[in-house]
Visitor: 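Okay, here's the structure, questions in a sec.
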Amino acid sequence: MDWARLTRDQVEKDSLPRLCMVCGDPATGRVNKTFVYIPQWVEYLYLAGIFPGVLAQHFFGKQMRVSCPVCDRHRSHWTILVWIASAGWLLAAPFALIGLAIGAAFWPTNDSRTIGCIIAGGAVGLGIWLTVLIRVALTRVKVTKISSAEDEITLERVSEIFAKAVANPKSSRPTS
């Protein structure tokens, strides 16, 4: 994966290459995504409390909306992370029930081992969820900088093919 710097002019004139931002295949559509950039030092203010962090994020955060070219396979590139993060914690309950079934099957009269199996099953479910969540979060296209004038955005983890096409737009266009 690579990075690409997009100008506001490229974004507003819809002159991004017709290549999937994620994999580099021909784009079949676009997904509107508002990228939010928060300077790293703002994150440390949350250690001082929620109010200083929210206040600094409001005044120093920047955002830019980009109509991202994507292929059919990557249409839900950003929403899948939201779904996994939002609903994934529900995995603990089914795994706790599996743990209960295992505990009841092996130790039908020992309540302490059954409770241990419930806790272990829930922990396994949460572990699976966190593993998947981290994997998806570490592979998504994300913003690394929005310029102070908000006229440029730098995206990380884009396809190398897309990054080269953005850097050299004349070579990426088919000749007639």
Side-chain angles (χ1 to χ4, degrees), residues 1-6 19-50 53-54 56-57 61-108 110-146 153-164 166:
M1 296 299 220
D2 220 330
W3 61 274
R5 183 173 292 132
L6 312 176
L19 299 168
C20 178
M21 188 180 278
V22 181
C23 68
D25 288 348
T28 56
R30 294 191 174 267
V31 172
N32 289 322
K33 169 78 176 138
T34 301
F35 290 97
V36 178
Y37 171 72
I38 301 162
Q40 192 170 8
W41 62 268
V42 170
E43 295 173 11
Y44 294 116
L45 284 178
Y46 280 103
L47 297 174
I50 191 80
V54 169
Q57 183 174 332
K62 298 176 182 79
Q63 56 183 326
M64 184 182 281
R65 188 170 186 86
V66 178
S67 182
C68 303
V70 290
C71 63
D72 286 336
R73 192 177 68 191
H74 292 109
R75 275 190 106 38
S76 59
H77 178 71
W78 292 277
T79 56
I80 194 80
L81 180 66
V82 173
W83 278 101
I84 291 171
S86 301
W89 61 271
L90 295 173
L91 277 178
F95 275 92
L97 290 175
I98 291 169
L100 173 63
I102 291 170
F106 287 106
W107 303 284
N110 191 334
D111 288 338
S112 63
R113 287 189 182 169
T114 304
I115 291 171
C117 287
I118 293 171
I119 292 170
V124 167
L126 289 174
I128 291 170
W129 168 60
L130 284 174
T131 302
V132 171
L133 183 65
I134 290 168
R135 168 77 172 116
V136 171
L138 291 177
T139 58
R140 82 186 193 313
V141 173
K142 69 173 202 153
V143 63
T144 57
K145 181 155 175 94
I146 295 178
I153 183 171
T154 304
L155 299 176
E156 185 178 87
R157 301 186 196 126
V158 298
S159 162
E160 187 177 340
I161 297 166
F162 178 81
K164 286 179 181 176
V166 167

Visitor: Taking atom CG of Leu133 and atom CG of Leu138, what is their separation to the nearest 0.5 Å?
Guide: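 Result: 9.0 Å between the selected atoms.
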Visitor: Could you report the tightest heavy-atom contact between Trp129 and Ala85, atom names first, then the distance?
Guide: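 Closest approach of Trp129 to Ala85: CZ2-O, 3.7 Å.
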Visitor: Work out which heavy atom in Ala27 is nearest to a heavy atom in Pro69; give both atom names and the distance.
Guide: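 Answer, listing the atom of Ala27 first, then Pro69: CB-CB, 3.8 Å.
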Visitor: Say whether, by atom type as modelled, one donor and one acceptor occur between the side chain of Trp78 and the main chain of Val141 under 3.5 angstrom.
Guide: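 Flag set: sc Trp78 to bb Val141 pair under 3.5 Å.
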Visitor: Measure the spacing between SG of Cys20 and CZ of Arg75 and express it to the nearest 0.5 Å.
Guide: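 Nearest 0.5 Å value for the SG-CZ distance: 10.5 Å.
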Visitor: If you measure from NZ on Lys142 to CH2 on Trp3, what distance do you get to the nearest 0.5 Å?
Guide: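 So the NZ of Lys142 and the CH2 of Trp3 are separated by 15.0 Å.
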Visitor: Holding to side-chain hydrogen bond (donor to acceptor under 3.5 Å, both in side chains), I want the full list of residues that pass it with Gln57, two or more places apart in sequence or in another chain.
Guide: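 Only Tyr46 meet the side-chain hydrogen bond (donor to acceptor under 3.5 Å, both in side chains) criterion with Gln57.
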Visitor: Thr154 side chain to Thr144 main-chain N or O, any donor-acceptor pair under 3.5 Å?
Guide: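 A pair under 3.5 Å: no.
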Visitor: If every non-hydrogen atom of Ile161 is compared with every non-hydrogen atom of Cys23, which pair is closest and at what distance?
Guide: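 The answer is CD1-O, 4.5 Å.
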Visitor: Taking atom NZ of Lys164 and atom CG of Leu19, what is their separation to the nearest 0.5 Å?
Guide: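 Nearest 0.5 Å value for the NZ-CG distance: 12.5 Å.
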Visitor: Within this structure, what is the CZ-CE distance for the pair Arg30 and Met21, rounded to the nearest 0.5 Å?
Guide: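 Arg30 CZ to Met21 CE: 8.0 Å, rounded to 0.5 Å.
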Visitor: Can you measure from CG (Leu155) to CZ (Phe162) and round to the nearest 0.5 angstrom?
Guide: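 If I round to the nearest 0.5 Å, the distance is 7.5 Å.
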Visitor: Flag the pair Thr139 / Arg157 as yes when at least one side-chain heavy-atom distance between them is below 4.5 Å, and no otherwise.
Guide: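 They are not in contact (no side-chain heavy atoms under 4.5 Å apart), so the answer is no.
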Visitor: I'd like to check the side-chain hydrogen bond (donor to acceptor under 3.5 Å, both in side chains) partners of Thr34; sequence neighbours left out, ordered by chain and number.
Guide: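 For Thr34, the residues satisfying side-chain hydrogen bond (donor to acceptor under 3.5 Å, both in side chains) (neighbours in sequence not counted) are Arg65.
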